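In what follows, a single structure is set out as structure tokens and then discussed.
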Amino acid sequence: MGPRKIGALVSVEVTQTLQDYISTGIQLDANISGELLINIFIPNTPLHDGAVIIREDKIAAACAYLPLSESANISKEFGTRHRAAIGLSEQTDAFTFVVSEETGKISITQNGNFKHNLTRDEFKKELQSVFGGQGNNSSGNIGLRNFLKGGK
């Protein structure tokens with residue numbers, strides 16, 4: 001999505017439930033795939049706005065609303081998707097990533113931490129540190145680990 005500058009906002013449930021946010025979106029219960037994520041976030045389509053939320057091994061919802069951070073410390077270069085990712089990280093332990101539609105750059109948030117302008121390799125390393133480690137099954141996210149192994 002980055003090279004094509006397709007903006008995205010994807011939150012992955014870790015240990016705290018995201019049910020309240022899932023219920024604000026359109027429930028999908030779909031297998032995780034790069035193709036589906038691209039199709040969800042293609043501009044001017046019904047599911048384009050809002051967040052995708054991944055629970056366990058499925059895309060639980062699309063077009064979900066996340067809380068916006070009210071922090072004055074967030075640079076004006078970051079838009080609503082970034083504010084939503086940071087806002088969710090201030091309230092839950094979800095792992096969230098944002099692809100900027102302006103720059104194609106990847107940002108991540110978790111537990112109030114925000115990292116931006118990650119390369120694809122840095123992003124994969126961050127994902128694998130949270131979800132892909134041997135014996136790390138804290139989120140039960142087999143679908144996400146399989147998605148990562150495919151590199152899509």
Side-chain angles (χ1 to χ4, degrees), residues 1-120 122-124 126-127 130-131 139-148 150-152:
M1 290 187 282
R4 294 174 61 185
K5 294 187 179 173
I6 297 172
L9 174 60
V10 179
S11 295
V12 183
E13 189 175 79
V14 180
T15 63
Q16 294 174 299
T17 183
L18 297 180
Q19 184 56 46
D20 288 346
Y21 305 107
I22 290 169
S23 67
T24 68
I26 297 170
Q27 297 193 17
L28 295 181
D29 192 38
N31 291 331
I32 301 165
S33 75
E35 293 83 2
L36 179 55
L37 288 173
I38 288 170
N39 277 290
I40 288 171
F41 288 111
I42 292 290
N44 304 315
T45 58
L47 302 180
H48 167 251
D49 289 326
V52 160
I53 299 177
I54 296 175
R55 169 182 275 167
E56 295 179 3
D57 63 345
K58 298 283 187 177
I59 296 175
C63 204
Y65 293 103
L66 302 182
L68 297 180
S69 176
E70 295 183 22
S71 173
N73 298 327
I74 301 170
S75 171
K76 299 287 185 208
E77 74 179 283
F78 300 113
T80 304
R81 281 191 175 117
H82 291 87
R83 282 198 170 273
I86 295 166
L88 187 65
S89 80
E90 293 167 346
Q91 296 183 23
T92 73
D93 67 349
F95 179 93
T96 302
F97 67 90
V98 179
V99 179
S100 169
E101 63 187 38
E102 286 83 21
T103 66
K105 297 287 186 179
I106 304 167
S107 302
I108 62 167
T109 64
Q110 187 176 31
N111 297 320
N113 297 311
F114 175 60
K115 296 180 183 178
H116 61 92
N117 294 335
L118 299 177
T119 66
R120 179 182 163 96
E122 289 169 333
F123 173 61
K124 278 186 84 170
E126 292 284 345
L127 274 173
V130 176
F131 300 106
S139 72
N141 211 312
I142 295 165
L144 184 60
R145 283 196 298 273
N146 290 338
F147 173 72
L148 286 171
K152 295 181 181 177

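Owing to the predicted nature of the structure, the values given are computational and were not obtained by experimental measurement.
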Exercise for the section: Check whether any side-chain N or O of Q110 sits under 3.5 Å from a backbone N or O of D93 as a donor-acceptor pair, and report yes or no. Expected result: yes
Check [X] against [Y] and note the closest heavy-atom contact, atom names and distance.
{"X": "S107", "Y": "N117", "answer": "OG-N, 4.1 Å"}
{"X": "L9", "Y": "A84", "answer": "CD2-CB, 3.9 Å"}
{"X": "Q16", "Y": "E13", "answer": "O-CG, 3.2 Å"}

Exercise for the section: Find the distance between CG (L127) and CG (L118) and round it off to the nearest 0.5 Å. Expected result: 9.5 Å
Problem - Of all pairs that satisfy side-chain hydrogen bond (donor to acceptor under 3.5 Å, both in side chains), the ones with a partner from residues 20-31, not counting sequence neighbours - result: Y21-Q91, N31-K58
Exercise for the section: Kindly state each residue pair satisfying salt bridge (charged side-chain N to carboxylate O under 4.0 Å, His left out) with at least one member in residues 110-119, sequence neighbours excluded. Expected result: K115-E126
Exercise for the section: Kindly state each residue pair satisfying ring pair (Phe, Tyr, Trp, His ring centres under 6.0 Å) with at least one member in residues 71-95, sequence neighbours excluded. Expected result: F78-H82, F78-F114, F78-H116, F95-F131
Output a table of donor-acceptor pairs, distance under 3.5 Å, between side-chain atoms of residues 38-49 and any protein atom two or more places apart or on a different chain; print 'none' if there are none.
{"unit_1": "N39", "atom_1": "ND2", "unit_2": "E35", "atom_2": "O", "d": "2.9"}
{"unit_1": "T45", "atom_1": "OG1", "unit_2": "I42", "atom_2": "O", "d": "2.7"}
{"unit_1": "H48", "atom_1": "NE2", "unit_2": "R81", "atom_2": "NH2", "d": "3.4"}

Fill in the blank from the handout: T96 meets the side chain to side chain donor-acceptor pair (under 3.5 Å) criterion, sequence neighbours left out, with S11
Using residues 59-71 as the side-chain source, report each donor-acceptor pair under 3.5 Å to any protein atom, sequence neighbours left out, with the distance given to one decimal.
{"unit_1": "S69", "atom_1": "OG", "unit_2": "S71", "atom_2": "N", "d": "3.1"}
{"unit_1": "S69", "atom_1": "OG", "unit_2": "E90", "atom_2": "OE1", "d": "3.3"}
{"unit_1": "S69", "atom_1": "OG", "unit_2": "E90", "atom_2": "OE2", "d": "2.8"}
{"unit_1": "S71", "atom_1": "OG", "unit_2": "N73", "atom_2": "N", "d": "3.1"}

Handout entry: Evaluation steps, side chain to side chain contact (heavy atoms under 4.5 Å, CB included), between E77 and E102
Key = CA-CA 10 Å; E77 74 179 283; E102 286 83 21; over 6 Å; no
Problem - Side chain to side chain, L18 and L88, heavy atoms closer than 4.5 Å - result: yes
